[in-house]
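Note sheet for the following structure.
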Amino acid sequence: MTGAMAHKLENEPSLAKITRHSLLLAAQLQALRSQLYPPEAKKSLKTFTSREAASMVGIAESTLRQMSLDGESAVPELHGKDNRRRAYTLAQINELREHLAHKRPKEALAFLPRRRAGEKLQIIAIANFKGGSAKTTTTIHLAHFLALEGLRVLAIDLDPQASLSTMFGFQPELDVDDNQTVYGAIRYDDDLRVPLKDVIRKTYFDGIDLVPGNLELMEYEHETPQAISRGDGRGEAMFFRRLRSVIGSVEDDYDVVLIDAPPQLGYLTLGALYAATALLVTVHPAMLDVSSMNQFLKMTSDILQVIQENGGTLEHDFIRYILTRHNPHDVPQVNIVALLRSLFGEDVLAPVVVETTAIANAGLEKKSLYEMARGTVGRDTLTRAIESVDAVNREILNHIKQVWGRS
């Protein structure tokens with residue numbers, strides 16, 4: 001860089017500098033994405049061995065092989081030097097589930113646990129006041145786990161920072177245009193509002209659809225006070241009812257809706273709390289984080305009281321606290337965990353998400369643990385991390401099944 005150019009940049013106005021940095025970083029992120037996911041620069045999900053596929057479906061590997069020979073299942077790809085190693089996509093595994101559910105109706109729920117007629121759509125908001133509580137990490141792992149179990153999931157990125165969208169391979173400032181977030185479906189301008197189905201995107205992960213986010217979501221925070229002062233959006237169109245209403249328009253297409261709420265108590269978060277049938281609060285067991293959660297609970301309580309006074313009925317099937325990034329060898333953390341369990345009892349999930357380099361490494365690659373290939377981190381490290389996350393997600397799934405009246 002020449003001296004004249006350096007001097008010019010040194011005296012660059014703040015607006016110009018921030019704009020330049022934004023464009024530079026966006027271009028670099030796009031280049032990195034192209035390197036990570038060539039040639040189309042899109043994410044894809046790994047395939048599964050016949051042993052993994054059989055375990056996921058709930059049948060013996062020999063049964064799966066026989067079904068393939070009999071033409072009763074999707075034809076797997078063949079790999080390996082001898083062309084004998086079978087590889088199944090998640091879409092093929094879901095086809096197997098549907099086939100077996102139809103073929104063995106008495107075991108249908110075991111093969112395909114999707115909700116049945118009369119069972120309530122589960123809308124789960126994942127929230128906390130403080131960034132860094134692993135809110136988005138919890139959401140992505142839960143979405144992937146439920147999809148691997150055969151459920152139909154809609155993930156809604158309600159955070160303007162759009163970390164969840166990034167995890168699904170969408171770069172918010174490049175891949176998500178105006179009116180392509182949930183804001184497009186809940187905005188106050190009748191002429192520009194669009195149906196929720198128009199902003200839902202298919203993802204590379206079979207069984208998961210996404211409503212992406214970007215900075216456009218902040219418009220809802222700015223416009224809602226003006227709408228309230230004008231008297232717009234009364235009755236069923238009140239600001240806190242709008243999200244629940246548009247989710248209802250696609251209810252038949254999903255078993256579970258996951259909402260990654262912003263890390264602040266704004267109008268979007270309130271809409272998520274009202275829409276939700278269940279609430280998950282992520283907690284890192286450190287004193288600063290717990291103090292922040294206390295403020296979140298106090299403010300949430302006060303504002304939800306106002307919503308109830310204005311006719312909003314709040315009925316959550318369950319509220320659970322998830323302990324994240326927990327180091328069981330850290331004595332202060334262990335003490336805080338014991339404190340939370342003594343105060344909230346069974347509302348604190350029994351399993352915890354342990355602090356591990358596996359989750360950190362997966363995050364750097366914009367992946368969940370379920371997408372990580374063996375060998376990218378130590379085998380034992382990855383196994384322990386997946387066991388930890390599996391235990392948390394399975395307990396949440398058990399709560400969902402209890403709501404549906406299943407044992």
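Checked against a 6.0 Å centroid threshold, the rings of Tyr220 and Tyr267 do not count as neighbours. Aromatic ring centroids of Phe48 and Tyr88 lie 6.0 Å or more apart.
Side-chain contact between Val354 and Asn327 is absent, with no heavy-atom pair separated by less than 4.5 Å. With contacts defined as side-chain heavy-atom distances shorter than 4.5 Å, the pair Glu52/Thr49 qualifies. Side-chain contact between Val250 and Leu154: present, with at least one pair of heavy atoms (C-beta onward) separated by less than 4.5 Å.
How far CG of Asp317 is from CD1 of Ile124: 9.5 Å, rounded to the nearest 0.5 Å. Distance CE/Met167 to OG1/Thr203: 12.5 Å, rounded to 0.5 Å. To the nearest 0.5 Å, atom CD of residue Gln333 and atom NE2 of residue His284 are 5.0 Å apart. Taken from CZ in Arg320 to CG in Asp347, the straight-line distance is 5.0 Å, to the nearest 0.5 Å. For the atom pair OG1 (Thr300) and CE (Met293), the distance works out to 10.5 Å, reported to the nearest 0.5 Å. Remark: Leu164 CG to Ile126 CD1 distance equals 8.5 Å, nearest 0.5 Å.
No side-chain N or O of Thr181 forms a donor-acceptor pair with one of Asn214 less than 3.5 Å apart. Under the 3.5 Å distance criterion, with hydrogens and angles disregarded, a donor-acceptor pair is assigned to the side chains of Asp390 and Tyr370. A donor-acceptor contact closer than 3.5 angstrom is absent between the side chains of Asn398 and Gln402. Counting only N and O atoms by type, the side chains of Arg115 and Gln122 include no donor and acceptor under 3.5 Å apart. Defined by atom type and a distance below 3.5 Å, a donor-acceptor pair is missing between the side-chain atoms of Asn179 and Arg193.
For Lys120 (side chain) and Trp404 (main-chain N/O), no donor-acceptor pair under 3.5 Å exists by modelled atom type. Between the side chain of Asp157 and the main chain of Ser165, a donor-acceptor pair closer than 3.5 Å is present. Side chain of Thr136 to main chain of Ser163: no donor-acceptor pair is present (N/O by atom type, distance under 3.5 Å, no hydrogens or angles). Ser249 places no side-chain N or O within donor-acceptor distance of the main-chain N or O of Ser245, the cut-off being under 3.5 Å. Under the 3.5 Å distance criterion, the side-chain polar atoms of Ser68 are left unmatched by any main-chain donor or acceptor of Leu64. Between the side chain of Thr383 and the backbone N or O of Arg379, at least one donor-acceptor pair lies under 3.5 Å. Looking only at distances, a side-chain donor or acceptor of Thr277 sits under 3.5 Å from a matching main-chain atom of Ile123.
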Exercise for review: Go through Glu371 and Leu45 one step at a time and tell me if the side-chain contact (heavy atoms from CB on, under 4.5 Å) criterion holds.
Suggested key: CA-CA 7 Å; Glu371 300 175 275; Leu45 182 61; 4.1 Å; yes
Exercise for review: For salt bridge (Lys or Arg N to Asp or Glu O under 4.0 Å), just list the numbers for Arg114 and Glu98, CA-CA rounded to whole Å, side-chain angles, deciding distance to a tenth of an Å, and then say yes or no.
Suggested key: CA-CA 10 Å; Arg114 294 173 182 169; Glu98 292 184 10; 3.2 Å; yes
Point to revise | Test side-chain contact (heavy atoms from CB on, under 4.5 Å) applied to Thr137 and Thr324, step by step | key: CA-CA 10 Å; Thr137 302; Thr324 64; over 6 Å; no
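Using a 4.0 Å cut-off between charged nitrogen and carboxylate oxygen, Asp302 and Lys298 count as a salt-bridge pair. One finds no salt bridge joining Asp253 and Arg152 here, because no Lys/Arg side-chain nitrogen approaches an Asp/Glu carboxylate oxygen to under 4.0 Å. Salt-bridge check for Glu346 with Arg341: failed, with every basic side-chain N at 4.0 Å or more from each acidic carboxylate O.
A cation-pi arrangement is present between Arg242 and Tyr188, with the terminal nitrogen or guanidinium carbon under 6.0 Å from the aromatic centre and inside a 45° cone about the axis. In this structure, Arg244 forms a cation-pi arrangement with Tyr274, its terminal cationic atom sitting closer than 6.0 Å to the ring centre and no more than 45° off the ring axis.
For His316, the NE2 atom sits in a packed shell: over 12 heavy atoms of surrounding residues, nucleotides or ligands are nearer than 6.0 Å. Within a 6.0 Å radius of CD in Gln161, no more than 12 heavy atoms belonging to other residues, nucleotides or ligands are found.
Applying side-chain contact (heavy atoms from CB on, under 4.5 Å) to Leu142 and the options Ile322, Ile396, Val392 leaves one that passes, Ile396. In summary, of the residues considered (Glu219, Glu216, Glu223), a side-chain hydrogen bond (donor to acceptor under 3.5 Å, both in side chains) with Tyr183 occurs for Glu223 alone.
Residue Pro351 comes nearest to Ala391 through the heavy atom pair CG-O, 3.5 Å, listed as atom of the first residue, atom of the second, then distance. Taking all atoms of both residues into account, the shortest heavy-atom contact from Leu268 to Pro262 is CB-CG, 4.1 Å.
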